[in-house]
Undergrad: 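First, the structure itself, so that you have it in front of you.
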Amino acid sequence: MIEIGIVQLAMYLISVSTDIKIFDLASFSGYKFVHMIVCVVSAMVLGSTGYYLSFVYSSAAIVYFLICTLRYIILPDSTEDRIARGSKRRNNLLLLIAFIQPLIIFC
């Protein structure tokens, strides 16, 4: 809940006007729990090497997934070549949301 509140506050402070609901943010922040379970199970089966390999893979997967899905919400202006362009603040918010997830998974 704290993470969702921080994201809502950040979106308010940089004036991101989107139709994203709090349940959407909760679902995006909840994806990391699937990756936590995968990491724990691989650690139980394969040991610490399996944990770190699954952690690297799942971190890359969740960052890629969040960047691909949230860019249509946070950066709604897309051109004909389907590349979303936005302000620097919106880009930084998108990258912050995506890259903080592996840190939360690890902690």
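Heavy-atom basis, side chains included; hydrogens, waters and symmetry copies ignored. These numbers come from a predicted model, not from an experiment.
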Undergrad: Could you give the side-chain donor-acceptor pairs of residues 36-48 under 3.5 Å, partners two or more places apart or in another chain?
TA:
unit_1, atom_1, unit_2, atom_2, d
Ser42, OG, Val38, O, 3.1
Ser42, OG, Cys39, O, 2.9
Ser42, OG, Gly50, O, 3.4
Ser42, OG, Ser54, OG, 2.7

Undergrad: Relative to the ring of Phe55, is the ring of Tyr51 parallel (under 30°), tilted (30 to 60°) or perpendicular (over 60°)?
TA: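 Parallel: the ring planes of Tyr51 and Phe55 meet at under 30°.
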Undergrad: Give a yes or no on this: more than 12 heavy atoms of other residues, nucleotides or ligands lie within 6.0 Å of atom CG of Leu103.
TA: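 More than 12 heavy atoms, drawn from other residues, nucleotides or ligands, come within 6.0 Å of this atom.
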Undergrad: Tell me, please, which residues at least two apart from Tyr64 pass side-chain contact (heavy atoms from CB on, under 4.5 Å).
TA: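 For Tyr64 the side-chain contact (heavy atoms from CB on, under 4.5 Å) partners, ignoring immediate neighbours, are Cys68.
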Undergrad: For the residue pair Leu94 and Leu66, what are the closest heavy atoms and their distance?
TA: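 So the two residues come closest at CD1-O, 4.1 Å.
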Undergrad: Distance alone, cut at 3.5 Å: any donor-acceptor contact between the side chains of Glu3 and Gln101?
TA: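 Side-chain D/A pair, Glu3 to Gln101: present.
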Undergrad: Rounded to the nearest 0.5 Å, what separation is found between the CD1 atom of Ile62 and the OH atom of Tyr57?
TA: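 These two atoms lie 12.5 Å from each other.
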Undergrad: To the nearest 0.5 Å, how far apart are CG in Asp24 and CG in Leu70?
TA: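 Separation between the atoms: 9.5 Å.
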Undergrad: Counting distance only, does the side-chain N/O of Ser59 pair as donor-acceptor with the main-chain N or O of Val56 below 3.5 Å?
TA: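 No, because the side chain of Ser59 does not come within donor-acceptor range (under 3.5 Å) of the backbone of Val56.
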Undergrad: How long is the straight-line distance from CD1 of Ile100 back to NZ of Lys32, given to the nearest 0.5 Å?
TA: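 Here the interatomic distance stands at 10.0 Å.
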Undergrad: With rounding to the nearest 0.5 angstrom, report the CD1 to CG distance, Ile6 to Leu13.
TA: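 Rounded to the nearest 0.5 Å, the CD1-CG separation comes out at 11.5 Å.
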Undergrad: Rounded at 0.5 Å granularity, tell me how far CZ in Phe28 sits from CZ in Phe23.
TA: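 Going from CZ on Phe28 over to CZ on Phe23, the span is 14.5 Å.
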